[in-house]
Amino acid sequence: GLGRRVKISVIFTTYNSPKWLEIVLWGFANQTDSNFEVIVADDGSGPETSAVMDAARAQGQENVRHVWHEDRGFQKCQILNRAIVAATGDYLILTDGDCVPRKDFVSQHLELFLLQIYLLKNYLFQILMLLPVIDRQNLVRHLLKQWSHTELHYQQMVHNLHQKHL
């Protein structure tokens with residue numbers, strides 16, 4: 001299905017925190033979904049960070065990429081922008097370099113993303129089917145009714161997902 005075709009890019013920043021980087025990369029090495037890349041946006045770290053990146057790739061994490069620039073002070077936004085440009089995914093997940101992901105972090109993001117696409121497609125289809133027979137007042141009424149229904153449906157689905165994983 002669509003879920004298998006959507007490639008995800010996970011991006012996070014680091015700066016001279018090789019131990020945290022190693023731990024976070026372990027978390028991404030153990031995800032239930034493997035169709036994603038990890039881009040480490042490095043704000044000018046030293047060689048210890050490169051060594052952690054090399055070790056991760058040597059241990060089988062071929063999906064890990066290192067985007068680095070020279071240390072010119074705090075330039076987090078600049079390196080994040082460079083990492084976003086380097087990303088090859090259809091969907092970007094930005095997280096932090098000290099947040100260890102649980103094993104379904106990527107799969108849950110994908111599931112919620114696909115749910116949003118499904119709801120939007122159904123919503124747009126309903127509007128297109130009504131266009132030939134609808135005037136402005138009825139369209140506004142229909143949109144408000146459908147939006148509240150779709151929002152409630154979405155909230156219920158998110159609630160069910162959270163309950164499933166507690």
Side-chain angles (χ1 to χ4, degrees), residues 1-125 147 150-151 153-155 157-162 164-166:
L2 179 61
R4 288 288 102 214
R5 294 190 311 254
V6 175
K7 183 173 180 194
I8 295 175
S9 294
V10 177
I11 301 172
F12 63 89
T13 59
T14 191
Y15 177 73
N16 286 330
S17 300
K19 192 60 184 170
W20 270 112
L21 175 60
E22 182 179 34
I23 294 168
V24 171
L25 289 175
W26 289 342
F28 284 112
N30 291 295
Q31 292 294 299
T32 56
D33 190 312
S34 62
N35 187 30
F36 68 97
E37 67 179 348
V38 174
I39 300 177
V40 178
D42 187 345
D43 193 17
S45 298
E48 298 86 8
T49 296
S50 292
V52 170
M53 300 293 298
D54 293 341
R57 285 190 289 268
Q59 294 169 6
Q61 281 188 274
E62 293 89 18
N63 65 336
V64 175
R65 296 175 44 212
H66 190 196
V67 176
W68 178 90
H69 68 193
E70 184 180 327
D71 188 354
R72 296 182 310 268
F74 184 73
Q75 300 288 317
K76 178 181 177 180
C77 292
Q78 187 178 59
I79 196 62
L80 271 175
N81 286 336
R82 289 185 62 198
I84 289 168
V85 168
T88 62
D90 306 303
Y91 181 71
L92 304 180
I93 302 172
L94 276 68
T95 185
D96 290 319
D98 59 355
C99 294
V100 181
R102 61 188 226 186
K103 68 181 181 176
D104 63 346
F105 178 80
V106 172
S107 65
Q108 286 299 296
H109 270 272
L110 179 60
E111 194 170 333
L112 289 171
F113 173 66
L114 295 175
L115 174 62
Q116 290 174 28
I117 290 174
Y118 170 78
L119 292 174
L120 183 60
K121 280 174 46 180
N122 284 337
Y123 179 66
L124 292 175
F125 178 75
W147 177 253
T150 302
E151 182 64 22
H153 181 70
Y154 174 73
Q155 289 173 1
M157 298 278 289
V158 170
H159 174 74
N160 291 345
L161 281 172
H162 285 289
K164 181 170 78 172
H165 295 287
L166 290 179

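The minimum heavy-atom distance linking Leu25 with Met53 is given by the pair CD1-SD, 4.2 Å. When all heavy atoms are compared, the tightest approach of His66 to Thr49 is NE2-CG2, 4.1 Å. Closest approach of Asp104 and Ser107 over heavy atoms only: O-OG, 3.1 Å. When all heavy atoms of Val24 and Gly97 are compared, the pair lying nearest together is CG2-O, 3.3 Å. Considering all non-hydrogen atoms of both residues, Ile11 and Ala87 come closest at CD1-CB, 4.3 Å. Closest approach of Leu110 to Ile8, counting heavy atoms only: CB-CD1, 3.8 Å.
At a threshold of 4.5 Å between non-hydrogen side-chain atoms, the residues Trp68 and Val40 do not count as touching. Counting heavy atoms from C-beta outward, Thr32 and Lys103 have side chains that approach closer than 4.5 Å.
Taking OG from Ser9 and OH from Tyr91, the interatomic distance works out to 11.5 Å, rounded to the nearest 0.5 Å. Separating the CG atom in Asn81 from the NZ atom in Lys76 is a distance of 12.0 Å, to the nearest 0.5 Å. Arg82 CZ to Ile39 CD1: the interatomic distance, rounded to the nearest 0.5 Å, is 12.0 Å. With rounding to the nearest 0.5 angstrom, the OH atom of Tyr15 is 12.5 Å from the CD1 atom of Ile79. The CG atom of Asp43 sits 8.0 Å away from atom CD of Gln78, with the distance rounded to the nearest 0.5 Å. Note that CG of Asp98 and CZ of Phe12 are 10.0 Å apart. Values are rounded to the nearest 0.5 Å.
For the salt bridge (Lys or Arg N to Asp or Glu O under 4.0 Å) test, no residue two or more places apart in sequence or in another chain qualifies with Glu48. Asp71 pairs by the salt bridge (Lys or Arg N to Asp or Glu O under 4.0 Å) definition with nothing, not counting sequence neighbours.
When atom types are taken as modelled, the side chain of Asp90 and the backbone of Lys7 share a donor-acceptor pair closer than 3.5 angstrom. Using modelled atom types, no side-chain atom of Ser17 and backbone atom of Thr14 make a donor-acceptor pair closer than 3.5 Å. Side-chain N or O atoms of Asn16 include one that pairs as donor or acceptor with a backbone N or O of Gly46 at under 3.5 Å. Put simply, the side chain of Gln31 gets close to the backbone of Arg102: a donor and an acceptor are under 3.5 Å apart.
Between Phe28 and Phe105, the ring planes are perpendicular. Angles over 60° get that label, and only those under 30° would be called parallel.
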| field | Test side-chain contact (heavy atoms from CB on, under 4.5 Å) applied to Gln61 and Asn63, step by step | value | CA-CA 5 Å; Gln61 281 188 274; Asn63 65 336; 3.9 Å; yes

